[in-house]
Visitor: 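Below: one structure in structure tokens.
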Amino acid sequence: MRVILLLLLSMLLTGCGYNQIQQKDEAVKAGWSEVLNQYKRRADLIPNLVGTVKGYAGHEAQVLTAVTEARARVGQVQVNADDAASLAQFQQAQGELASALSRLLVVSENYPQLKADASFLNLQTQLEGTENRITVARGRYIQLVQDYNTYIRSFPQNLVAMLFGYKQKPNFTVEDETRIADAPSVDFGAAPAEPAPVPPVVEPAASVVNPPQPALPPVQGGNAPQPAPTE
């Protein structure tokens, strides 16, 4: 009887999506591991990047210090992806680090010798590649969490999730939501600009038909009157 009850319970749970919940939960965990892996790859590049820039622009102490401190704060965050507050703190720290790195790269534009340094170019290329990987990993994680949350909220999976304590997972939010939410202001009440004045059309001078010809000079024995002969 116990075996039969277990089989019936197993069939019931399978039909209610218990196995799918496990699979989706593991997919979310794998996606989160990839996110952390790419963020760690970026953090590992920073010491060498800062050291290279410092060799050419040591007096840019404020920018260099900002990057170093932002990296340290990222390392101090103990993130729990299942806790919304912890994930938000982690995202904020990573955003501050990305901003500091952007300012560092802007400063490097003022130093031609630094931009020509092979080590700096290699580090810059690696950093750009890592930023792309972070974007891809985050996007995939967002989709996995969305798929998981949608599934456990659907009937009858929500009953199984409630029974076994599976809850919705927090997700990444859009960075700088306030700026993105503000629509650009457009003033339709402004008077339109007056059109530029059109220059007057100058009519070309009329051509003269058969203008008078100048008188011909007198020619001896020609058209001049001859003097009367004297006796």
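If you read the sequence from its start, that first residue is 1, and numbering goes on from there.
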Visitor: In sequence, state the C-alpha distance, the side-chain angles, and the governing distance for Gln22 and Glu26, and then conclude on side chain to side chain donor-acceptor pair (under 3.5 Å).
Guide: CA-CA 6 Å; Gln22 308 304 312; Glu26 290 300 321; over 6 Å; no
Visitor: Is the shortest heavy-atom distance from the side chain of Lys169 to the side chain of Val28 under 4.5 Å?
Guide: yes
Visitor: Main chain of Gly95, side chain of Ser99: is a donor-acceptor contact present, judged purely on distance under 3.5 Å?
Guide: no
Visitor: When rounded to the nearest 0.5 angstrom, what is the spacing between CD in Gln78 and CG in Asp83?
Guide: 13.0 Å
Visitor: About how many Å separate NZ of Lys24 and CD1 of Ile21, when rounded to the nearest 0.5 Å?
Guide: 9.5 Å
Visitor: So, for Leu87 and Ala81, which heavy atoms are closest and what is the spacing to 0.1 Å?
Guide: CD2-O, 4.5 Å
Visitor: Is Gln146 atom CD crowded by more than 12 heavy atoms from other residues, nucleotides or ligands, each under 6.0 Å away?
Guide: no
Visitor: Take Leu105 and Leu127 through the test side-chain contact (heavy atoms from CB on, under 4.5 Å) and record every step on the way to the result.
Guide: CA-CA 11 Å; Leu105 294 178; Leu127 182 61; 4.2 Å; yes
Visitor: Considering only distance and modelled atom types, tabulate donor-acceptor pairs under 3.5 Å from the side chains of residues 41-49, sequence neighbours left out.
Guide:
residue: Arg41; atom: NH1; partner: Thr130; partner atom: OG1; Å: 2.2
residue: Arg42; atom: NH1; partner: Glu131; partner atom: OE1; Å: 3.3
residue: Arg42; atom: NH1; partner: Glu131; partner atom: OE2; Å: 3.0
residue: Arg42; atom: NH2; partner: Gln94; partner atom: O; Å: 3.4
residue: Arg42; atom: NH2; partner: Gln94; partner atom: OE1; Å: 2.6
residue: Asp44; atom: OD2; partner: Lys40; partner atom: NZ; Å: 3.1

Visitor: How long is the straight-line distance from CG of Asn37 back to CD1 of Ile134, given to the nearest 0.5 Å?
Guide: 10.0 Å
Visitor: Is any side-chain heavy atom of Trp32 closer than 4.5 Å to a side-chain heavy atom of Asp82?
Guide: no
Visitor: Between Leu144 and Val35, is there a shared hydrophobic cluster once you connect ILVMFWY residues whose side-chain heavy atoms come closer than 4.5 Å?
Guide: yes
Visitor: Is there a donor-acceptor pair closer than 3.5 Å between any side-chain N or O of Gln38 and the backbone N or O of Arg133?
Guide: no
Visitor: Please answer whether the main-chain N or O of Ile142 pairs with a side-chain N or O of Asn171 as donor and acceptor at a distance below 3.5 Å.
Guide: yes
Visitor: Using the side-chain contact (heavy atoms from CB on, under 4.5 Å) rule, take Thr52 and Leu114 through it: C-alpha gap first, then chi angles, then the decisive distance, then the call.
Guide: CA-CA 8 Å; Thr52 303; Leu114 172 61; 4.1 Å; yes
Visitor: Under 4.0 Å between a side-chain nitrogen and a carboxylate oxygen: does that hold for Arg73 and Glu96?
Guide: yes
Visitor: Any idea how Tyr18 and Phe164 line up, ring-wise: parallel (<30°), tilted (30 to 60°), or perpendicular (>60°)?
Guide: tilted
Visitor: Drop me the distance from Arg71's CZ to Leu101's CG, to the nearest 0.5 angstrom.
Guide: 10.5 Å
Visitor: Is any side-chain heavy atom of Val79 closer than 4.5 Å to a side-chain heavy atom of Gln89?
Guide: no
Visitor: Grab the two heavy atoms, one from Ala100 and one from Ala70, that are nearest each other, plus how far apart they are.
Guide: CB-CB, 4.3 Å
Visitor: Determine the minimum heavy-atom distance between Asn110 and Pro112, stating which atoms define it.
Guide: O-CD, 3.5 Å
Visitor: Would you say Val77 and Leu97 are hydrophobically clustered, going by side-chain heavy atoms of ILVMFWY under 4.5 Å?
Guide: no
Visitor: When you look at Tyr166 and Asp25, which way does the side chain to side chain donor-acceptor pair (under 3.5 Å) test go after all the steps?
Guide: CA-CA 9 Å; Tyr166 287 97; Asp25 184 56; 5.2 Å; no
Visitor: Does any part of the side chain of Tyr39, heavy atoms only, come nearer than 4.5 Å to the side chain of Val74, both counted from C-beta?
Guide: no
Visitor: Indicate the ring-plane relationship of Phe172 and Phe90, choosing parallel, tilted or perpendicular according to the 30° and 60° boundaries.
Guide: tilted
Visitor: Run the side-chain contact (heavy atoms from CB on, under 4.5 Å) check on Arg153 and Asn158 step by step: do they pass?
Guide: CA-CA 5 Å; Arg153 291 180 60 190; Asn158 60 336; 5.7 Å; no
Visitor: Working to the nearest 0.5 angstrom, can you tell me the gap between Gln124 CD and Asp117 CG?
Guide: 11.0 Å
Visitor: With rounding to the nearest 0.5 Å, note down the distance linking CZ in Phe120 to OG1 in Thr125.
Guide: 9.5 Å
